[in-house]
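Read through the structure below, which is laid out as structure tokens, and then see the notes.
This is a predicted model, so every value here is computed, not measured.
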Amino acid sequence: MLEIRQLRKSYGGRQALLPISFFLPPGQCLGLAGRNGSGKSTLLRLIAQIERPDGGDVRYEGKSVLGDRRFLRGTLGYVPQRPELARELTVKQQLELWQAACGLSGPPPEDIAALLGLEPLLQKPIRSLSGGMAQRVNIALALLARPKVLLMDEATSGLDQDYVPKLLDWLEAYVSGGGSLIWCSHHQAELERLCGAVLTLEEGRLVSPPETAGPTN
């Protein structure tokens, strides 16, 4: 189980995220809703440890995983709101680089390659990709290690529309199979389809608690 305990973050003295706590059991999807600037992306970046929190803890299966590279590369998958790819690499090189960091080798898993249509992209330089293509690679990187926890920040934004229903179908199966998903989206239909509960943030503050996931002590 993923537990978030009193995570908080400030920038230049401005509180971007007030202390937030919740837990997410296996086999559940928790939605994140709120306006731009409400703190949703900040919360995901803190859980993914792209940024360091000012306080609080991230725990998995009862243990703190702050600074735990094994957790970050083998257990957690993170899709940032905007692709963060190495423009000088080909798609194949980008995928291989992350696979090596995760202790994996070989071609991308066939189901992930098929889901995101990777085969025609493998030899393309990252710099030549359209926004939709780059988002497909962005998502693939999060799925390569078959993580038990997925954080997805506006994953369908900019994604080629042909791939949106395929991704949502895959995620439903992922959660049904015991995966834990935090799904950040402005699309109410996506939140209703995937999520058993939704957290709403406003100016860094939790304004509606989840119904099935619960607060930690």
Side-chain angles (χ1 to χ4, degrees), residues 2 24 28-33 40-41 43-50 71-87 89-187 189-191 193-195:
L2 180 71
L24 180 61
Q28 290 196 25
C29 174
L30 176 64
L32 287 183
K40 304 185 305 297
S41 293
L43 175 59
L44 293 186
R45 289 176 70 84
L46 295 181
I47 298 171
Q49 299 178 51
I50 305 301
F71 169 79
L72 294 173
R73 294 178 178 178
T75 303
L76 182 77
Y78 169 56
V79 178
Q81 190 171 44
R82 296 179 181 84
E84 299 175 1
L85 307 173
R87 290 177 54 83
L89 300 181
T90 65
V91 170
K92 183 173 184 289
Q93 290 170 332
Q94 178 77 84
L95 294 172
E96 289 176 342
L97 185 65
W98 182 244
Q99 283 183 296
C102 296
L104 305 172
S105 61
E110 291 183 4
D111 59 329
I112 303 303
L115 171 69
L116 296 163
L118 295 182
E119 187 63 35
L121 304 182
L122 292 177
Q123 302 307 322
K124 289 181 177 288
I126 297 292
R127 64 178 177 272
S128 73
L129 300 182
S130 68
M133 292 175 179
Q135 184 67 337
R136 284 151 58 190
V137 176
N138 191 35
I139 294 169
L141 291 171
L143 304 185
L144 285 178
R146 301 192 182 280
K148 296 180 180 179
V149 179
L150 269 175
L151 315 177
M152 306 191 83
D153 193 353
E154 301 288 352
T156 60
S157 178
L159 183 64
D160 300 311
Q161 286 304 300
D162 288 348
Y163 290 91
V164 172
K166 297 177 183 179
L167 176 63
L168 296 179
D169 287 346
W170 190 94
L171 290 170
E172 282 186 323
Y174 169 80
V175 173
S176 295
S180 298
L181 171 63
I182 299 182
W183 180 258
C184 175
S185 178
H186 288 290
H187 299 291
E190 292 177 0
L191 292 167
R193 175 176 175 177
L194 292 175
C195 305

Tightest non-hydrogen contact, residues Q49 and L72, listed as NE2-CD2, 3.7 Å
- Query: Quick check: does any side chain N or O of Q28 sit under 3.5 Å from a backbone N or O of S180, one acting as donor and the other as acceptor?
  - Reply: no
Margin query: Measuring only between side-chain heavy atoms, which start at C-beta, is L171 closer than 4.5 Å to C29?
Written below: no
Handout entry: Worked verdict on L116 versus I139 for side-chain contact (heavy atoms from CB on, under 4.5 Å)
Key = CA-CA 8 Å; L116 296 163; I139 294 169; 3.9 Å; yes
task: Evaluate side-chain contact (heavy atoms from CB on, under 4.5 Å) for I182 paired with L2, printing each intermediate quantity in order.
output: CA-CA 10 Å; I182 299 182; L2 180 71; 4.1 Å; yes
For E84, the side-chain contact (heavy atoms from CB on, under 4.5 Å) test, sequence neighbours excluded, returns R45, P80
Hits for salt bridge (Lys or Arg N to Asp or Glu O under 4.0 Å) against E190, two or more places apart or cross-chain, chain-then-number order -> none
Verdict with reasoning, L143 to Y174, per side-chain contact (heavy atoms from CB on, under 4.5 Å) | CA-CA 11 Å; L143 304 185; Y174 169 80; over 6 Å; no
Salt bridge (Lys or Arg N to Asp or Glu O under 4.0 Å) filter on K92, not counting sequence neighbours, yields E96
Correct closest heavy-atom pair for A155 and L167 would be CB-CD2, 4.4 Å
Exercise for review: Decide yes or no for L151 and V149: does some side-chain heavy atom of the first lie under 4.5 Å from some side-chain heavy atom of the second?
Suggested key: yes
The salt bridge (Lys or Arg N to Asp or Glu O under 4.0 Å) partners of E172 (sequence neighbours excluded) come to R193
Heavy-atom nearest pair, P147 first then G77, reads CB-N, 3.4 Å
Ring pair (Phe, Tyr, Trp, His ring centres under 6.0 Å) filter on Y78, not counting sequence neighbours, yields none
In terms of heavy-atom contacts, L44 and C184 come closest through CD1-CB, 4.0 Å
Tightest non-hydrogen contact, residues P108 and L95, listed as CG-CD1, 3.7 Å
Could you tell me whether the side chain of T90 and the main chain of Q93 form a donor-acceptor pair under 3.5 Å?
yes
For residues 137-151, the side chain to side chain donor-acceptor pair (under 3.5 Å) pairs (sequence neighbours left out) are D111-R146, Q135-N138
Sorted by chain and number, sequence neighbours left out, ring pair (Phe, Tyr, Trp, His ring centres under 6.0 Å) with W98 holds for none
Residues at least two apart in sequence or cross-chain that pass ring pair (Phe, Tyr, Trp, His ring centres under 6.0 Å) with Y163, listed by chain then number, are none
So CE of M152 and CG of L32: to nearest 0.5 Å the spacing works out to 13.0 Å
Residues at least two apart in sequence or cross-chain that pass side chain to side chain donor-acceptor pair (under 3.5 Å) with Q81, listed by chain then number, are none
Handout entry: Heavy-atom side-chain contact between L194 and L168 under 4.5 Å
Key = yes
Residue set satisfying side chain to side chain donor-acceptor pair (under 3.5 Å) with S41, at least two apart, ordered chain then number -> D153
When rounded to the nearest 0.5 Å, the distance separating CZ of R82 from CD of E154 is 10.0 Å
Applied to residues 155-166, the salt bridge (Lys or Arg N to Asp or Glu O under 4.0 Å) test, sequence neighbours excluded, yields R136-D160
List the atom pairs, with distances to 0.1 Å, where a side-chain N or O of residues 121-133 and a protein N or O form a donor-acceptor pair under 3.5 Å, not counting sequence neighbours.
| residue | atom | partner | partner atom | Å |
| --- | --- | --- | --- | --- |
| S128 | OG | P125 | O | 2.8 |
| S130 | OG | M133 | N | 3.2 |

On a heavy-atom basis, the closest approach of S105 and Q99 is O-NE2, 4.1 Å
